[in-house]
Amino acid sequence: MYVAVKGGEAAIRNAHRLLDDRRRGDRSVPALTLDQIVAQLALAVDRVMAEGSLYDPELAALAVKQARGDMIEAIFLVRAYRTTLPRFGYTNPVDTAAMRIERRVSATYKDLPGGQLLGPTFDYTHRLLDPELAGDAEGRSPERREAPEEQMPRVSDILAAEGLIEEDGNLAEGRRTGDITREPLEFPLERDSRLQALARGDEGFLLALAYSTQRGYARSHPFVGEIRIGEVELELEVAELDFPVPLGRIRVTECQMVNQFKGSAKAPPQFTRGYGLVFGQSERKAMAMSLCDRALRAGELGEDLTAPAQDEEFVISHSDNVQATGFVEHLKLPHYVDFQAELDLVRRMRREAEKRPSDRPSREAAE
Amino acid sequence: MDPENTAVDVLERRKRMAVLAGAAGDELRRLWRGACVAVEAIPVRGPETGLATVRGRIGGGGSPFNVGEVTVTRATVRLPDGRIGHAYAIGRDHEKARISATIDALCHDPVWASRLEAAVVAPLAAAQQAADTRKREETAATKVDFFTMVRGED
């Protein structure tokens, strides 16, 4: 017999009303505007766009506000919104070599064309809390230095000249680019689908895995060949125009990780590479992504599979924080019937176990 | 494709569309109102918002892969004389798309093209260029100048 139980409608309604109130908080404090969130919590907005897999700063700011700063909830909101929109198509691949650079550093070459540009970085700060920011500080205005527009070749292109580094990843000719939002995940994945999953993967999860590779679980001897942050142009091929239509620019972070590689049966000793490309200013995420990308290429490069970060099915299946939170958090929803069934089962097992008391101690002793 | 569409026209049109797509909505509205264009553009499609999937390349220059989606708004309009204009831009600003599509339609006529270039497109392009220059110079001020420390006397 199955008995449906209804109830809680008034409680849910009032809970959501209470949520509205608590979200707003003290009414004598001005409400946050989306402009404020976009401008002053920019990196939170960027993370929501990256893992929400939707580039739209105002929507991401709204999600942050609605979620009371709960990032995964905000990412969930953005993902849900995404599904309500039609898809116009795929942009032409962005050209990161033509990026309008806002930050660019290399840990492998001191003097590279275009130089090392620190940009608005937390690096080299002392990580001391700044009491001035507790007030309504205006902020200092930046210095300027005259600079001609110049080419900033990717470091990978510089290294490639010597032939000691592998090329940019080229998949089989004629391959249709994988799209994990259209096709169910099927392992093993091609590198394109894997990178798509990593680009929207949880920063914390990928960071921990990347860290594990540095600590010796699939050691990959990495160097940051280059990190660059800045705006790239988007263009879309559309049926009504016979040229790619410009859409405007988005900000992205690119990381080229270079890894020493001693060679294997499949490949000679050389530098191999991991790649990261993430929406917004998301340097930690781009670095973690590139380390994970490299670790997941173990099979392709003929390395021994020994570590969690090399296990594609494990990494990719658990990298999506919306899926993860959905499954973990569903546990708090009513499971009254399931639990009753299990309770009955455990009671029965207990009764059966108690019927043969002589049996039990001897088995325990054996274990 | 219009038979009179030369490569130069396409280049001009593309450049204009890039400037309009990159413009801040409020700035475009202000200049458009200032241009006092009294023309009735009939909506053919949209304005409507959808998604474009952004692609990158493995390693920067290798095979393509999908990075994520971006909101895009598009519009197509027809002028009373039959000329068609299109607009696409990142974001969800419907009015911006409608105005941009109207400008695109009007600019099939060279007289309109030069008038709107002066009144709307050139000021937007100048503002974008100024913003780019400022940002480039602010970034340049954070460039590391390495120098070598010489130790001891020699």
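Throughout, protein chains are lettered first and strands after them, A, B, ... in sequence-line order, and every chain is numbered starting at 1.
Highest contact tally toward chain B, considering only A/Arg100, A/Arg104, A/Arg273, A/Lys110, is held by A/Lys110 [criterion: heavy-atom pairs under 4.5 Å]. Put simply, of B/Val54, B/Ile90, B/Leu51, the one with the most heavy-atom pairs under 4.5 Å next to chain A is B/Leu51. Comparing B/Arg57, B/Arg92, B/His86, B/Met17 by how many heavy-atom pairs each has under 4.5 Å with chain A, the most go to B/Arg92. Of the listed residues (B/Gly22, B/Gly61, B/Ala52), the one with the most heavy-atom contacts under 4.5 Å to chain A is B/Gly61. When each of A/Pro57, A/Pro244, A/Ala197 is scored by its heavy-atom pairs under 4.5 Å with chain B, the top score falls to A/Pro244. Counting heavy-atom pairs closer than 4.5 Å to chain B, the top residue among A/Gly89, A/Gly115, A/Cys255 is A/Gly89. Highest contact tally toward chain B, considering only A/Val245, A/Asp192, A/Thr91, A/Leu171, is held by A/Thr91 [criterion: heavy-atom pairs under 4.5 Å]. Residue with the most contacts toward chain B among A/Glu149, A/Glu167, A/Glu58: A/Glu149 (heavy-atom pairs, distance under 4.5 Å). Of the listed residues (B/Thr49, B/Leu20, B/Ile58), the greatest number of heavy-atom pairs within a distance under 4.5 Å of chain A belongs to B/Ile58. Comparing A/Thr96, A/Leu277, A/Val232 by heavy-atom pairs within less than 4.5 Å of chain B, the highest count is held by A/Leu277. With chain A as partner, the option from B/Ala21, B/Gly60, B/Ala18, B/Gly91 having the largest number of non-hydrogen pairs under 4.5 angstrom is B/Gly60.
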Note to self: Working note: A/Arg191 + A/Asp293, criterion side chain to side chain contact (heavy atoms under 4.5 Å, CB included); need CA distance, chi angles, decisive distance, verdict.
What the structure shows: CA-CA 8 Å; A/Arg191 194 170 169 201; A/Asp293 172 45; 2.6 Å; yes
Note to self: A/Thr121 vs B/Thr142, test: side chain to side chain contact (heavy atoms under 4.5 Å, CB included). Steps then yes/no.
What the structure shows: CA-CA 10 Å; A/Thr121 181; B/Thr142 69; over 6 Å; no
Check: Please walk me through it: do A/Val105 and A/Asp123 pass side chain to side chain contact (heavy atoms under 4.5 Å, CB included)?
Finding: CA-CA 11 Å; A/Val105 290; A/Asp123 295 351; 5.9 Å; no
Checklist line | Stepwise side chain to side chain contact (heavy atoms under 4.5 Å, CB included) check, A/Asp202 with A/Arg47 | finding: CA-CA 9 Å; A/Asp202 182 77; A/Arg47 180 165 177 196; 3.3 Å; yes
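Once rounded to the nearest 0.5 Å, the distance linking NE2 of B/His94 with CD of B/Glu48 reads 8.0 Å. Atom-to-atom distance recorded for A/Glu190:CD and A/Arg175:CZ is 4.5 Å, nearest 0.5 angstrom. Between the CD atom of A/Glu254 and the OG atom of A/Ser282 there is a distance of 13.5 Å, given to the nearest 0.5 Å. Atom OG1 of A/Thr253 and atom CZ of A/Arg228 lie 12.0 Å apart (nearest 0.5 Å). Taken from CG in A/Leu54 to CZ in A/Arg200, the straight-line distance is 10.5 Å, to the nearest 0.5 Å. In this structure, CG on B/Leu116 lies 9.5 Å from CG on B/Asp109, to the nearest 0.5 angstrom.
Within the 4.5 angstrom heavy-atom criterion, atoms from both the backbone and the side chain of A/Leu59 approach chain B. Contacts of A/Arg154 with chain B are made by side-chain atoms alone, with heavy-atom separations under 4.5 Å and no backbone atom involved. Within the 4.5 angstrom heavy-atom criterion, only side-chain atoms of A/Leu236, from C-beta onward, approach chain B. Interface residue B/Phe146: only side-chain heavy atoms are found under 4.5 Å from chain A. Heavy atoms closer than 4.5 Å to chain B are found in the side chain of A/Asp111, but not in its backbone. The parts of A/Pro86 that come within reach of chain B are both its backbone and its side chain, each placing non-hydrogen atoms under 4.5 angstrom from that chain. Heavy-atom distances place no part of B/Arg16 under 4.5 Å from chain A, backbone and side chain included. Both the backbone and the side chain of A/Phe88 come within contact range of chain B, with heavy atoms under 4.5 Å apart.
Using non-hydrogen atoms only and a strict 4.5 Å limit, the part of residues 129-141 of chain B facing chain A consists of B/Asp132, B/Arg134, B/Lys135, B/Arg136, B/Glu137, B/Glu138, B/Thr139, B/Ala140, B/Ala141. Of all residues in residues 29-43 of chain B, none places a non-hydrogen atom less than 4.5 angstrom from a non-hydrogen atom of chain A. For residues 63-83 of chain B, the interface with chain A (any heavy-atom pair closer than 4.5 Å) comprises B/Ser63, B/Pro64, B/Phe65, B/Asn66, B/Val67, B/Gly68, B/Glu69, B/Val70, B/Thr71, B/Val72, B/Arg74, sorted by residue number.
Looking at A/Met152 and A/Glu226, their side chains never come closer than 4.5 Å, going by heavy atoms from C-beta outward. Within the 4.5 Å cutoff, side-chain heavy atoms of A/Arg79 are placed close to those of A/Asp320. The side-chain heavy atoms of A/Ser290 and A/Gln256, taken from C-beta on, include no pair separated by under 4.5 Å. Residues A/Arg103 and A/Leu118 meet the side-chain proximity criterion, which asks for heavy atoms closer than 4.5 Å. Annotation: side chain of A/Gln196 is in contact with side chain of A/Thr181 (closest heavy-atom distance under 4.5 Å). Looking at A/Arg82 and A/Ser53, their side chains come closer than 4.5 Å, going by heavy atoms from C-beta outward. Side-chain contact check for A/Met257 versus A/Arg294: every heavy-atom pair is 4.5 Å or farther apart. Two residues are said to be in side-chain contact when any heavy atoms from C-beta on lie closer than 4.5 Å; A/Arg297 and A/Tyr275 fail this criterion.
Between the side chains of A/Gln281 and A/Asp46, no donor N or O sits under 3.5 Å from an acceptor N or O. In the model, A/Tyr90 has a side-chain atom that pairs as donor or acceptor with a side-chain atom of A/Asp179 under 3.5 Å.
Heavy atoms only, all atoms of each residue included: A/Val78 and A/Ala63 are closest at CG2-CB, 3.7 Å.
Partners of A/Tyr55 by ring pair (Phe, Tyr, Trp, His ring centres under 6.0 Å), not counting sequence neighbours, listed by chain and number: A/Phe279.
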